[in-house]
2 protein chains.
Amino acid sequence: MPRSLSGACCAHHTMTKGLSALSHPVRVEILKHLSGYDACCCKDVVRHLHLAQSTVSQHLKVLVEAGLVHVRPERQSSRYEVDTEALAGLTEALARLTQTCIDASKSRTSSHGAEANDQ
Amino acid sequence: MPRSLSGACCAHHTMTKGLSALSHPVRVEILKHLSGYDACCCKDVVRHLHLAQSTVSQHLKVLVEAGLVHVRPERQSSRYEVDTEALAGLTEALARLTQTCIDASKSRTSSHGAEANDQ
DNA sequence: ACCTTTCATCGTATATCGCCGATGAACGAT
DNA sequence: ATCGTTCATCGGCGATATACGATGAAAGGT
């Protein structure tokens with residue numbers, strides 16, 4: 001599922017969506033909390049953070065929609081769980097982007113690297 | 001305020017700021033373009049994308065403020081350059097978070113698979 | 001001098017985010 | 001049936017993000 005089939009545009013969109021989900025400190029904290037304690041429910045996260053239950057529910061929704069968290073919608077207390085594969089895939093996507101930029105920079109400075117010399 | 005994380009708070013904020021900067025497809029595209037072509041100026045990016053010059057300038061500003069891009073403010077044509085070390089650092093921070101979550105998940109499933117963590 | 005190019009910034013309009021309280025639904029217990 | 005608990009969703013409010021055009025400043029060419 002974390003696989004993007006064709007163009008890089010789709011992959012970009014998937015990556016930016018995931019990064020957007022992790023671009024808020026509260027959601028990063030939620031992710032760590034979910035990974036630390038199994039069988040996490042919304043109320044559990046609410047108790048750990050100091051936010052309203054509706055706010056936490058929305059943050060969880062963002063993480064779920066980004067594919068980084070699985071939810072088992074049990075009526076009494078929904079179980080939230082980190083999708084470690086999706087998280088690893090997102091990390092790998094960012095690592096690929098980083099490596100692309102590094103390679104491009106290195107190829108410029110090693111092969112010709114003419115136009116960036118003066119200062 | 002749960003100050004459970006004293007030292008990691010700053011690191012979290014840095015990471016989320018960087019991820020926030022990369023959470024927009026246009027900025028990812030800008031980053032790739034900057035790494036590919038040296039001596040990139042704003043107008044160059046404008047020509048590559050189909051956005052107004054002011055919009056591109058703002059996106060560049062976001063990348064600069066996140067520390068992912070260096071700018072040499074030459075008046076005629078400011079030079080933008082990817083800070084590959086900062087980008088690598090951000091990637092590493094995300095990789096650490098991912099590893100933390102994976103380790104926590106593995107320790108739960110291997111040692112004690114207790115799921116009923118109800119209060 | 002004048003004009004062009006390039007860029008940053010301002011102002012504005014729209015959309016989304018982040019937070020909250022309130023509400024209703026689903027389930028267990030009494 | 002009546003509570004109590006848990007959770008998702010709605011509506012609202014303020015703040016931020018995204019996009020644009022317009023403007024001004026700096027440097028170079030005429």
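Below, all heavy atoms of this structure are taken into account, side chains as well, without hydrogens, waters or symmetry copies.
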Nearest whole Å is fine: how far is dA19(D) P from Leu49(B) CG? 10 Å

Return the value, rounded to whole Å, for the distance between atom CZ of Arg47(B) and atom P of dT5(C). 12 Å

Using a 4.0 Å heavy-atom cut-off, does Ser77(B) contact any base of the nucleic acid, only the sugar-phosphate backbone, or nothing at all? sugar-phosphate

Between dA19(D), dC19(C), dA8(C), which nucleotide gets closest to the side-chain atoms of His24(A)? dC19(C)

Has the side chain of Gln53(B) got a donor or acceptor that lies under 3.5 Å from a partner of the other kind on the base of dA8(C)? yes

In plain terms, say whether Lys106(A) and Asp103(A) are close enough for a salt bridge, that is, a side-chain N and a carboxylate O under 4.0 Å apart. no

Checking contacts here: which listed nucleotide (dT6(C), dA19(D), dG21(D)) is nearest the side-chain heavy atoms of Lys43(B)? dT6(C)

Side chain of Gln76(B) (C-beta onward), nearest among dG28(D), dC20(C), dA8(D): dG28(D)

If only side-chain N and O atoms count, and only distance matters, is there a donor-acceptor pair under 3.5 Å linking Thr98(B) with Thr91(A)? yes

Scan Ser54(B) against the nucleic acid and name what it touches under 4.0 Å (heavy atoms): base, sugar-phosphate only, or nothing. base

Please determine, for the side chain of Leu51(B), which listed nucleotide (dC20(D), dC20(C), dC7(C)) has the closest atom? dC20(D)

Of all the choices, dC19(C), dT9(C), dA19(D), which nucleotide is nearest to the side chain of Ser57(B) once you look at every atom? dT9(C)

Supply the atom-to-atom distance Tyr37(B) OH to Lys32(B) NZ, rounded to the nearest 0.5 angstrom. 11.5 Å

Please state how far atom CG in Leu60(B) lies from atom P in dT6(C), giving the value in whole angstrom units. 15 Å

Of the candidates dA8(C), dG21(D), dT18(D), the side chain of Arg27(B) sits closest to dT18(D)

Separation between OG1 (Thr16(A)) and CG (Leu22(B)), nearest 0.5 Å, reads 10.0 Å

Which nucleotide in the set dC19(C), dA8(D), dC7(C) lies at the smallest distance from any side-chain heavy atom of Ser78(B)? dC7(C)

Looking at dA8(C), does its base get a donor-acceptor pair with the side chain of Gln58(B) below 3.5 Å? no

